[in-house]
Amino acid sequence: MYVSLVLSTILIFYVHGGFAVDCPKSSAQWCENANIAQACGVTEQCNKYVWKIRDDNDRVNLTVYYETLCPDCRQFISTQVWNAYQSILSILNISFVPYGNAHEVYQPETKLYQFYCQHGADECFGNLIHSCLIFIYRNTTQHLPFIYCTESTEGDVETVAVQCAEKTSIDYSKVSACVQSRLGNQLQHLNAVQTDSLQPQHQYVPWVTVNGVHTEDMEQQAEKDLVGLICKTYKGSNPPAKCQKYL
Ligand SMILES: *[C@@H]1O[C@H](CO)[C@@H](O)[C@H](O)[C@H]1NC(C)=O
Ligand SMILES: *[C@@H]1O[C@H](CO)[C@@H](O)[C@H](O)[C@H]1NC(C)=O
Ligand SMILES: *[C@@H]1O[C@H](CO)[C@@H](O)[C@H](O)[C@H]1NC(C)=O
């Protein structure tokens with residue numbers, strides 16, 4: 001009677017994690033559960049190789065430097081980027097930098113930047129809309145559908161933006177308020193700085209970096225098969241099904 005009481009007390013204690021877990025001698029048991037893994041100091045390895053949990057830090061960083069009205073940018077975003085977004089977003093961290101081949105001049109009187117764009121003032125306006133949108137709707141799942149929509153739709157910049165905002169649950173009045181403010185001007189300037197500090201400097205648009213690096217070969221792969229490029233670059237665990245054929 002006494003013994004069984006003691007035993008059941010021990011059992012209850014054990015089930016509730018009251019005892020410190022020792023690391024077993026046999027490595028086959030190290031990933032048996034989270035407590036054992038922790039006792040053995042192998043939580044990270046178990047996550048990666050046995051439990052196959054994806055680590056956000058393993059996401060491939062893709063940065064797209066573009067300008068809103070350039071035909072090749074529109075093509076790239078509405079095919080390759082959109083396809084990657086739909087199939088392998090779980091291993092991707094996408095950043096958009098709308099600016100491209102534009103240039104800027106600081107105006108001391110107004111303390112604002114004046115922008116000059118390859119495809120004219122309409123393009124500057126489009127770039128500004130995208131800059132504000134990305135700032136307000138930081139989450140890729142919020143802003144990417146709008147970017148896709150505007151890049152794949154021909155027409156007057158603001159008309160298209162209003163239509164796309166409605167389709168993709170964006171509050172256009174918020175974007176518009178930013179576009180007309182000093183904040184918008186400053187955001188566009190930050191994209192100018194980021195674009196102009198690329199190493200090597202960009203020579204055309206779209207221009208991509210993958211984990212911060214750009215090569216000619218990489219750019220060609222990105223424009224032909226972005227999913228393949230990202231899958232081959234991904235070093236984390238549990239690659240998505242859409243990556244299987246590249247492994
Ligand atoms: C995603 O990219 C942004 C911008 O480059 C960076 O600040 C952030 O740390 C990245 N997140 C991950 C999980 O890599
Ligand atoms: C992605 O960028 C973030 C922020 O710069 C960095 O911490 C992370 O290591 C990068 N991811 C990869 C896979 O290089
Ligand atoms: C981004 O949106 C997705 C889907 O709506 C959501 O699961 C995720 O938590 C959001 N991320 C952030 C940082 O808000």
Side-chain angles (χ1 to χ4, degrees), residues 43-68 73 76-77 80-102 127-148 150-151 168 170 175 178 183-184 186-202 205-223 225-244 246-247:
T43 302
E44 204 178 299
Q45 287 81 353
C46 294
N47 274 337
K48 186 161 176 176
Y49 300 110
V50 181
W51 304 330
K52 300 195 184 303
I53 295 170
R54 282 190 202 126
D55 183 342
D56 266 349
N57 292 319
D58 289 334
R59 285 174 185 255
V60 176
N61 293 316
L62 171 72
T63 309
V64 181
Y65 296 83
Y66 70 108
E67 52 193 36
T68 45
C73 302
F76 179 63
I77 290 170
Q80 299 298 332
V81 175
W82 182 241
N83 183 22
Y85 170 73
Q86 290 183 303
S87 55
I88 55 164
L89 183 63
S90 58
I91 59 162
L92 247 187
N93 182 27
I94 312 182
S95 308
F96 291 97
V97 185
Y99 183 71
N101 297 329
N127 292 349
L128 185 54
I129 290 173
H130 282 202
S131 298
C132 281
L133 172 94
I134 294 160
F135 179 77
I136 298 169
Y137 296 95
R138 297 188 56 138
N139 204 328
T140 299
T141 55
Q142 294 177 299
H143 65 243
L144 196 146
F146 176 91
I147 292 175
Y148 163 72
T150 53
E151 291 299 281
T168 61
I170 296 296
V175 177
C178 165
L183 169 64
Q186 191 60 30
L187 291 171
Q188 191 55 68
H189 166 63
L190 290 176
N191 286 338
V193 170
Q194 190 178 343
T195 304
D196 291 341
S197 55
L198 272 167
Q199 288 296 339
Q201 285 187 2
H202 83 284
V205 281
W207 182 270
V208 301
T209 63
V210 175
N211 290 338
V213 176
H214 172 95
T215 67
E216 200 55 36
D217 179 52
M218 179 189 279
E219 179 79 34
Q220 278 171 19
Q221 284 186 57
E223 292 187 30
D225 181 12
L226 181 61
V227 169
L229 173 64
I230 301 300
C231 287
K232 285 183 246 166
T233 306
Y234 179 64
K235 294 289 178 286
S237 66
N238 195 16
K242 285 276 160 60
C243 284
Q244 288 310 323
Y246 299 100
L247 303 176

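The first residue of the sequence shown is numbered 1, and numbering continues consecutively from there. Indexing begins at 1, ligand by ligand and atom by atom, following the structure's order.
Formation of a donor-acceptor pair under 3.5 Å by the Tyr137 side chain with backbone atoms of Thr140 is not found in this model. A donor-acceptor contact shorter than 3.5 Å is absent between the side chain of Asn211 and the backbone of Val60.
With sequence neighbours left out, the ring pair (Phe, Tyr, Trp, His ring centres under 6.0 Å) criterion links His214 to Trp207.
With His202 as the fixed residue, the side-chain hydrogen bond (donor to acceptor under 3.5 Å, both in side chains) test singles out one of Thr209, Asp196, Asn101: Asn101.
Closest non-hydrogen pair, Ile88 versus Cys243, comes out as CG2-SG, 4.1 Å.
Listed by chain and number, residues touching ligand 1 at under 4.0 Å (heavy atoms only) are Asp56, Asn61, Asn93, Ser95.
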Between Leu62 and Leu226, does the side-chain contact (heavy atoms from CB on, under 4.5 Å) criterion hold? Intermediate values first, please.
CA-CA 10 Å; Leu62 171 72; Leu226 181 61; 3.9 Å; yes
